[in-house]
Student: 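Dumping the structure here so I can ask a few things about it.
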Amino acid sequence: MQGDFSDIKDKRGERMEGVEKFEREKEKILVLSQESGRVYRRPGLEGGRLCCHAEFHLVDLKTNEIHLHYAPSLLQYAIPSSMVSVDNFIYVFGGTRPIFESESLELKSLQPLYHKEVFFGGARLRLSFDQSKTEEVWYPFPVPAEYENRNYPTCTSLVDKIYAFGDVYLAPEVLDPAVGHWKRLFLPSHLVGCKISAYAIPDPSRRRILVHLSDGQLPSPSIYAFRPEDDSSGGEWELITVDAQDWTHVAAVVDNVIYFHSRKFPSILRAFDLTSGAWLEVHWETTFDDGLDMNQSRMHFNALLSLGHNILCLAVWTPIYESPRLVDTPSKAKIIFRKFKVEQSGATVNLVPLPSHSFKLPATSSVYGFLPV
């Protein structure tokens, strides 16, 4: 477990005392990619469906190393959309749904998923930083009931549980991995029919999850906080702010401030103070070690990762094509990580660049996810 919060008072909008001892700076990032060059065909209608390998690599930002194929690959029709960690386990959800009865039966099996078996919906793997102790196969894992026929569930983890919020419409569920099955969560009537956009953002220091909702009965896109109850039977939904038009899926929260990335913003980041309900001024203190000036840059990044201790990390991948370019599919990929420290003073946020890192992924056509572990 990441910590027992049962004796910590939950003060609305305030950081919970005692949480700091559960936090640590995360120096390792699990990267989810799609292998290029190999395509597999599974028998079925119209000659079968094309499959590909999802690959998992481990980046160590402390030692500036990458461990390729750190975890076993998964053979699947589409790459999973959610990747979360709880304790020493990695969980992946989404990707695609089975369309044949034989595939549905395979999904419900508890047998390990070897590299020649097609992955559906949910899988679990014990991950160790000693690669020799990482499990050699993935195991099927239940998917949320609401998403058995959906491709893209929005999942995240908080403390020692996994929460799913929906594919398109808000439909919250919780899973305690120690129990092994999903449970629907209470949803207030005024939130029924709302759509969930982008990703759910965990905020462990306040024991809550931030979600961006729209449509339904809401007059405008809004940010809500969901605070689970200790017995997992429900939780509290709190409106944080309305008219939240600038939410993007590349976002993270630090000390009750949400940071959004978009290259249309000055300094490519915006900061919204959840306590005051006001936008903050954002400024980069200096350039990165390779000379990149974020105050002038209009780069696009794929993820904004919270590493703990007020440190965030922008992550991006770029395709590398063979020269001369003979096909439209890249043969390699480059991943870049730009760490920085957040320092807030009143209505101004100062961002301090830290050492950046870049690595190449061979035989890679796409990169789909980054998960601090």
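One-based numbering along the sequence shown.
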Student: Indicate if L269 and M299 have the same hydrophobic cluster label, given that clusters are the connected sets of ILVMFWY residues with side-chain heavy-atom separations under 4.5 angstrom.
Tutor: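 In one cluster with L269: M299, yes.
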Student: Tell me, with the steps shown, if D293 and T287 meet side-chain hydrogen bond (donor to acceptor under 3.5 Å, both in side chains).
Tutor: CA-CA 5 Å; D293 186 353; T287 62; over 6 Å; no
Student: Taking the six-membered ring where the residue is Trp, are the ring centres of H212 and H249 under 6.0 Å apart?
Tutor: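 Distance test on ring centres: not under 6.0 Å, no.
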Student: Side-chain contact, heavy-atom cut-off 4.5 Å: L280 with T348?
Tutor: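 Result no, sub-4.5 Å side-chain heavy-atom pair not found.
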Student: Look up atom OG in S331 and atom CD1 in I320, then write down how far apart they are to the nearest 0.5 Å.
Tutor: 7.5 Å
Student: Check whether Q296 reaches the backbone of S267 with its side chain - one donor and one acceptor, N or O, closer than 3.5 Å.
Tutor: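 Flag not set: sc Q296 to bb S267 has no pair under 3.5 Å.
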Student: Using side-chain heavy atoms (C-beta onward) and a distance below 4.5 Å, is V367 in contact with V31?
Tutor: yes
Student: Over all heavy atoms of both residues, which pair between K62 and D60 is shortest? Give the atoms and the distance, please.
Tutor: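 Minimum heavy-atom separation between K62 and D60: N-OD1, 2.9 Å.
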Student: Can you find a pair of side-chain heavy atoms, one from N350 and one from S345, that are under 4.5 Å apart?
Tutor: no
Student: Specify the closest pair of heavy atoms between S365 and W317, including all atoms of both residues, with the distance to one decimal.
Tutor: O-CH2, 3.5 Å
Student: Supply the atom-to-atom distance H357 NE2 to F337 CZ, rounded to the nearest 0.5 angstrom.
Tutor: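 Going from the NE2 atom of H357 to the CZ atom of F337 covers 9.0 Å.
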Student: Rounded to the nearest 0.5 Å, what's the gap from CG on L371 to OG on S82? Could you check?
Tutor: 10.5 Å
Student: Who pairs with P188 by side chain to side chain contact (heavy atoms under 4.5 Å, CB included), at least two apart in sequence or on another chain?
Tutor: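 If we apply the side chain to side chain contact (heavy atoms under 4.5 Å, CB included) test to P188, skipping adjacent residues, the hits are F186, H190, L191, W237.
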Student: Within 45° of the ring axis of F359 and under 6.0 Å from its six-membered ring centre, is that where the NZ or CZ of K334 lies?
Tutor: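 So K334 doesn't make the cation-pi contact.
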Student: Does any non-hydrogen side-chain atom of Y91 lie less than 4.5 Å from one of L125?
Tutor: no
Student: Which heavy-atom pair separates S85 from S157 by the least distance, and what is that distance?
Tutor: O-OG, 3.0 Å
Student: Among W138, F370, Y368, Y70, whose ring-ring contact (aromatic ring centres under 6.0 Å, His included) with F56 holds?
Tutor: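 Going through W138, F370, Y368, Y70 one by one, the ring-ring contact (aromatic ring centres under 6.0 Å, His included) with F56 is satisfied by W138 alone.
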Student: NE2 of H300 to OG of S262: how many Å apart, nearest 0.5 Å?
Tutor: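 That separation rounds to 8.5 Å.
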Student: Pick out which of F265, W279, F260 makes a ring-ring contact (aromatic ring centres under 6.0 Å, His included) with F272.
Tutor: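 Per the ring-ring contact (aromatic ring centres under 6.0 Å, His included) rule, the option paired with F272 is W279, out of F265, W279, F260.
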Student: In terms of hydrophobic clusters joined by side-chain contacts under 4.5 Å, are I209 and L239 together?
Tutor: yes
Student: Using every non-hydrogen atom in the two residues, find where L213 and C194 come nearest and quote the distance to one decimal.
Tutor: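 Nearest pair, atom of L213 first, then C194: CB-CB, 4.4 Å.
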Student: H57 and H69: aromatic ring centres closer than 6.0 Å?
Tutor: yes
Student: Stepwise, does the side-chain hydrogen bond (donor to acceptor under 3.5 Å, both in side chains) test hold for D130 with S132?
Tutor: CA-CA 5 Å; D130 178 352; S132 65; 2.7 Å; yes
Student: Calculate, to the nearest 0.5 Å, the distance between atoms CG and CG belonging to L314 and L304 respectively.
Tutor: 5.0 Å
Student: Could you tell me whether the side chain of K339 reaches within less than 4.5 Å of the side chain of L312, counting heavy atoms only?
Tutor: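 Answer no - side chains too far apart.
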Student: Taking side chain as C-beta onward, heavy atoms only, is M294 less than 4.5 Å from R338?
Tutor: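 In contact.
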Student: Could you tell me if R208 sits above the aromatic ring of F226, with its cationic atom closer than 6.0 Å to the ring centre and no more than 45 degrees from the axis?
Tutor: no
Student: Using the side-chain contact (heavy atoms from CB on, under 4.5 Å) rule, take L292 and S297 through it: C-alpha gap first, then chi angles, then the decisive distance, then the call.
Tutor: CA-CA 7 Å; L292 178 64; S297 173; 4.0 Å; yes
Student: Can you check whether G346's main-chain N or O pairs, donor with acceptor, with Q344's side chain at less than 3.5 Å?
Tutor: yes
Student: Of all heavy-atom pairs between V250 and A303, which one has the smallest distance, and what is that distance?
Tutor: CG1-C, 3.5 Å
Student: Are the side chain of E173 and the backbone of W182 linked by a donor-acceptor contact shorter than 3.5 Å?
Tutor: no
Student: If the test is side-chain contact (heavy atoms from CB on, under 4.5 Å), which one of I29, T364, V59, V316 qualifies with I335?
Tutor: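 Single pass found, and it is V59.
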Student: Any side-chain heavy-atom pair from I90 and L30 closer than 4.5 angstrom?
Tutor: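 Side chain of I90 against side chain of L30, heavy atoms only: contact under 4.5 Å found.
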Student: For the side chain of D87 and the backbone of F89, is there at least one donor-acceptor N/O pair under 3.5 Å apart?
Tutor: no
Student: With hydrophobic residues grouped by side-chain heavy-atom distances under 4.5 Å, do V352 and Y259 end up in a single group?
Tutor: no
Student: Test of understanding: with side chain to side chain contact (heavy atoms under 4.5 Å, CB included), list the residues that count as partners of P362, not counting sequence neighbours.
Tutor: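 Testing P362 for side chain to side chain contact (heavy atoms under 4.5 Å, CB included), a comparison that skips the adjacent residues, returns L68.
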Student: Examine F301 together with H261 and report whether their ring centres are nearer than 6.0 Å.
Tutor: yes
Student: With P228, which of V159, V174, L158 fulfils side-chain contact (heavy atoms from CB on, under 4.5 Å)?
Tutor: L158
Student: For E55 and S73, work out which heavy atoms get closest and say how close.
Tutor: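 Between these two residues, the closest heavy atoms are OE1-CB, 3.3 Å.
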Student: To the nearest 0.5 Å, what is the distance between NZ (K161) and OG1 (T156)?
Tutor: 14.0 Å
Student: When you look at F129 and L58, which way does the side-chain contact (heavy atoms from CB on, under 4.5 Å) test go after all the steps?
Tutor: CA-CA 9 Å; F129 294 142; L58 188 68; 4.2 Å; yes
Student: In sequence, state the C-alpha distance, the side-chain angles, and the governing distance for V342 and I311, and then conclude on side-chain contact (heavy atoms from CB on, under 4.5 Å).
Tutor: CA-CA 6 Å; V342 173; I311 294 178; over 6 Å; no
Student: Any salt bridge (charged side-chain N to carboxylate O under 4.0 Å, His left out) involving residues 273-289? Give me the pairs, sequence neighbours left out, ordered by first then second residue.
Tutor: none
Student: Answer yes if V242 and L218 sit in the same cluster of Ile, Leu, Val, Met, Phe, Trp and Tyr residues linked by side chain heavy atoms under 4.5 Å apart, and no otherwise.
Tutor: yes
Student: Checking L307 against C313 for the side-chain contact (heavy atoms from CB on, under 4.5 Å) test, could you report, in this order, the C-alpha distance in whole Å, the side-chain angles of both residues, the deciding distance, and whether it holds?
Tutor: CA-CA 7 Å; L307 304 184; C313 180; 3.8 Å; yes
Student: For the residue pair I240 and Y224, establish whether any side-chain heavy-atom pair is separated by less than 4.5 Å.
Tutor: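 Of all side-chain heavy-atom pairs linking Y224 with I240, none is under 4.5 Å.
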